[in-house]
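Below you'll find the structure, written out as structure tokens, and then a few comments.
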Amino acid sequence: MLIYGKEVAADTRSKIKEDVKAFEEKYGRKPCLAVIIVGEDPASQTYVRNKIKGCAEVGMRSLHYEYADGVAQSEIENTVKTLAGDDSVDGILVQLPLPAGYDEKRILELIPDEKDVDGFSPTNLGLLAMNRPGTISCTPFGVMKMLETTGVDLSGKNAVVIGRSNTVGKPMAMLLLNSDCTVTVCHSKTKDLKEITSRADILVAAIGRPKFVTADMVKDGAIVIDVGINRVDGKLVGDVDFENVEKKASFITPVPGGVGPMTITMLLANTLRAATAKAER
Ligand code: GUN
């Protein structure tokens, strides 16, 4: 069976829209997300456009800062500093990756933990590691929401995550662990990958290589989540060989229309959460 992220996202967004309206009625302003993008990478441009569009859809305010590749590091830093101190701004997102030559870490460190709607800060990642309330990174958070829709009890399941990035693989592993899965994280140096993935009840592919996960790597009846968005000959292709893996999986996410739409939805949820927390402080 397919898990349609698009449908889950639409349901979640209509709920967020109601909550945004209630927020505005209570506090007399809209929640606000500021998005910063540097350079002309077409994929990043599309993501940012969709994030801005997503804000409008649920009735949130958004600020959009676009810089050409070559803008001074200090200019980006000054913008983040200004937004950090602006009480009308609830969330700050710097679209990654930044073009070569910029010090990403220095820029991200200027985002206060409370406005880190990506959940990328050491504090937010640390809170997740400790299973304490914090901002959860959007993509893994969206995956958990999609897993919820299957109705499958995650407790005690073998979960395998392929990919160990700070933005997806690691928080994904921690979320599954917090849901009582037995978690294995695989990466480029993993030996006998197929032997490990073949035991997975839940398999999350976050590698960034088109059709990397083939049917022989998947257990019969597994839940397969495809986080990959690769462009091949102008077409979007996931990290999973969907056509063949679909025949073995109990649930599988398509690309496009799977995890992608959920990521932005969780960004909106995180922004509303940040706005509410700030308004109540
Ligand atoms: N680039 C690709 N995905 C993301 C994301 O979720 N957040 C940010 N800031 N940059 C990204």
Side-chain angles (χ1 to χ4, degrees), residues 5 9 12 32-55 62-67 69 76-77 79-80 83-84 89-100 102-125 128 134-146 161 163-172 174-175 204-209 225-231 236-239 253 255-256 258-274:
T12 314
C32 175
L33 172 69
V35 182
I36 300 169
I37 180 168
V38 184
E40 276 81 45
D41 177 68
S44 290
Q45 295 262 355
T46 305
Y47 295 146
V48 165
R49 236 190 345 265
N50 287 335
K51 286 170 186 179
I52 301 286
K53 218 167 78 186
C55 285
S62 62
L63 301 170
H64 187 183
Y65 296 84
E66 257 191 287
Y67 295 107
D69 185 2
I76 308 169
E77 287 181 14
T79 300
V80 176
L83 294 167
V89 173
D90 301 294
I92 305 169
L93 180 147
V94 177
Q95 186 65 26
L96 303 179
L98 289 168
Y102 290 96
D103 187 339
E104 203 165 275
K105 186 166 156 279
R106 259 185 68 167
I107 293 169
L108 295 185
E109 272 172 358
L110 295 169
I111 302 174
D113 292 321
E114 314 80 61
K115 296 193 182 189
D116 167 38
V117 284
D118 261 326
F120 289 171
S121 79
T123 299
N124 279 317
L125 259 179
L128 179 60
T135 303
I136 301 168
S137 169
C138 306
T139 299
F141 195 10
V143 170
M144 293 311 288
K145 293 284 169 199
M146 294 173 83
V161 180
R164 58 172 157 179
S165 68
N166 291 329
T167 52
V168 181
K170 280 181 203 166
M172 187 74 254
M174 294 194 283
L175 281 165
V204 181
I207 311 132
R209 283 165 69 177
I225 307 286
D226 191 347
V227 177
I229 302 178
N230 310 288
R231 203 169 281 274
L236 289 185
V237 180
D239 287 351
T253 63
V255 176
V259 175
M262 276 312 281
T263 294
I264 295 181
T265 303
M266 300 328 288
L267 170 67
L268 302 173
N270 283 348
T271 305
L272 176 61
R273 182 179 175 277

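Numbers here are sequence positions counted from 1. Ligands are counted one by one from 1 in listed order, and the atoms in each one are counted from 1 as well.
Every residue two or more places apart in sequence or in another chain that forms a side-chain contact (heavy atoms from CB on, under 4.5 Å) with Lys170 is listed here: Asn166. Residues forming a salt bridge (Lys or Arg N to Asp or Glu O under 4.0 Å) with Arg106 (at least two apart in sequence, or on another chain): Glu77. Asp118 meets the salt bridge (Lys or Arg N to Asp or Glu O under 4.0 Å) test with no other residue; sequence neighbours excluded.
Side-chain contact, Asp239 with Asn230: a donor N or O sits under 3.5 Å from an acceptor N or O. Ser121 and Asp113 share a side-chain donor-acceptor pair at under 3.5 Å.
For ligand 1, the protein residues placed under 4.0 Å by at least one non-hydrogen atom are Lys51, Leu93, Val94, Gln95, Leu96, Asp118, Phe120.
Glu40 places no side-chain N or O within donor-acceptor distance of the main-chain N or O of Gln45, the cut-off being under 3.5 Å.
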